[in-house]
*Asks:* 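Quick one: the structure is below, and I'll ask about it shortly.
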Amino acid sequence: MSRRRISLRQELPLLVWLVIVWGALWQDFSPGNLLFGALLAVVVARLFYLPPVELSGRFSILRAIPFALQFLGKVVLASFQVFYLAVVRGPKVTNAVVAVPLRSHSDLMVTATGHVISLIPGSLVVEVDRSTSTLYIHGLNVRNADDVLKLRKEVRDTEAGLIRVMGTKEELATLNQEARA
């Protein structure tokens, strides 16, 4: 399988991540171990086909901090809601799988949105359609059409937050245009 050349600037985040994973797996962050991990990362990235992660080149720390705090708040609130549903309602809880089409067609943004949503208790990505950038979310306590709309809005709001943090300029412009309409 031929692979188009990727610049070091584009591949650097992947290489750094592989070195961090190497150090974490060995529980050894000594310079020698990290250097060996870096050599292995380069070999892995050059020999094996890894789809390129297209980074937008922008990251807003001013948007990332409120997003992270909001995410932590959602995790805490959802944890209590799931606890309540498990203790009080038990097996009578109604669930649904909901298709949520995303704005972005970037693999990174679709993946990030799916992971953030899956980390919030009560929701889980069960399928991803890359061709249409659609996430299929299993939602807990989805009883009617209003709950479906609420779940879709939550997923799209999460995607919007991620676009504000690290989306491309085009995705950000589309998001801002949507907000004005």
*Asks:* Counting only N and O atoms by type, is there a donor-acceptor contact under 3.5 Å from the side chain of Ser133 to the main-chain atoms of Leu102?
*Replies:* no

*Asks:* Could you list who else is in Leu34's hydrophobic cluster, with ILVMFWY side chains joined at under 4.5 Å, directly or through other members?
*Replies:* Val19, Phe29

*Asks:* Side chain to side chain donor-acceptor pair (under 3.5 Å) with Thr174: which residues, sequence neighbours excluded?
*Replies:*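 So Thr174 forms no side chain to side chain donor-acceptor pair (under 3.5 Å) with any residue.
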
*Asks:* Suppose we screen for ring-ring contact (aromatic ring centres under 6.0 Å, His included). Which residues come up paired with Trp17, at least two apart in sequence or across chains?
*Replies:*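 None.
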
*Asks:* If you link ILVMFWY side chains whenever their heavy atoms are less than 4.5 Å apart, which other residues fall into the same cluster as Leu77? By chain and number, please.
*Replies:*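 Direct or chained contacts put Leu77 with none.
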
*Asks:* Identify, with sequence neighbours excluded, every residue that meets side-chain contact (heavy atoms from CB on, under 4.5 Å) alongside Ser118.
*Replies:*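 With sequence neighbours excluded, Ser118 shows a side-chain contact (heavy atoms from CB on, under 4.5 Å) to Leu124, Val125, given in chain and number order.
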
*Asks:* Looking only at non-hydrogen atoms, find the nearest pair between Asn33 and Gly23 and report the distance.
*Replies:* ND2-CA, 4.2 Å

*Asks:* Side-chain contact, heavy-atom cut-off 4.5 Å: Met166 with Arg63?
*Replies:* no

*Asks:* List, one per line, each side-chain donor-acceptor pair under 3.5 Å for residues 81-97, sequence neighbours excluded.
*Replies:*
residue	atom	partner	partner atom	Å
Arg89	NH1	Asn141	OD1	3.1

*Asks:* Applying salt bridge (Lys or Arg N to Asp or Glu O under 4.0 Å), can you list everything that pairs with Asp28, at least two apart in sequence or on another chain?
*Replies:*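 Asp28 satisfies salt bridge (Lys or Arg N to Asp or Glu O under 4.0 Å) with no other residue.
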
*Asks:* Partners of Arg164 by side chain to side chain donor-acceptor pair (under 3.5 Å), sequence neighbours excluded?
*Replies:*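 Here no residue qualifies.
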
*Asks:* Excluding sequence neighbours, so at least two apart, what forms side chain to side chain donor-acceptor pair (under 3.5 Å) with Gln70?
*Replies:* none

*Asks:* Under the ring-ring contact (aromatic ring centres under 6.0 Å, His included) test, which residues partner Phe36, sequence neighbours left out?
*Replies:* Trp22

*Asks:* Please identify each residue that fulfils side chain to side chain donor-acceptor pair (under 3.5 Å) with Thr132, with sequence neighbours left out.
*Replies:*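 Checked Thr132 against side chain to side chain donor-acceptor pair (under 3.5 Å); matches are Asp129, Thr134.
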
*Asks:* Between Arg58 and Gly167, is there a donor-acceptor pair closer than 3.5 Å when you use the side chain of the first and the backbone of the second?
*Replies:*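 A pair under 3.5 Å: yes.
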
*Asks:* Among pairs that include at least one residue of residues 148-159, which meet side chain to side chain donor-acceptor pair (under 3.5 Å), considering only residues two or more places apart or in two chains?
*Replies:* Arg103-Glu159, Lys153-Asp157

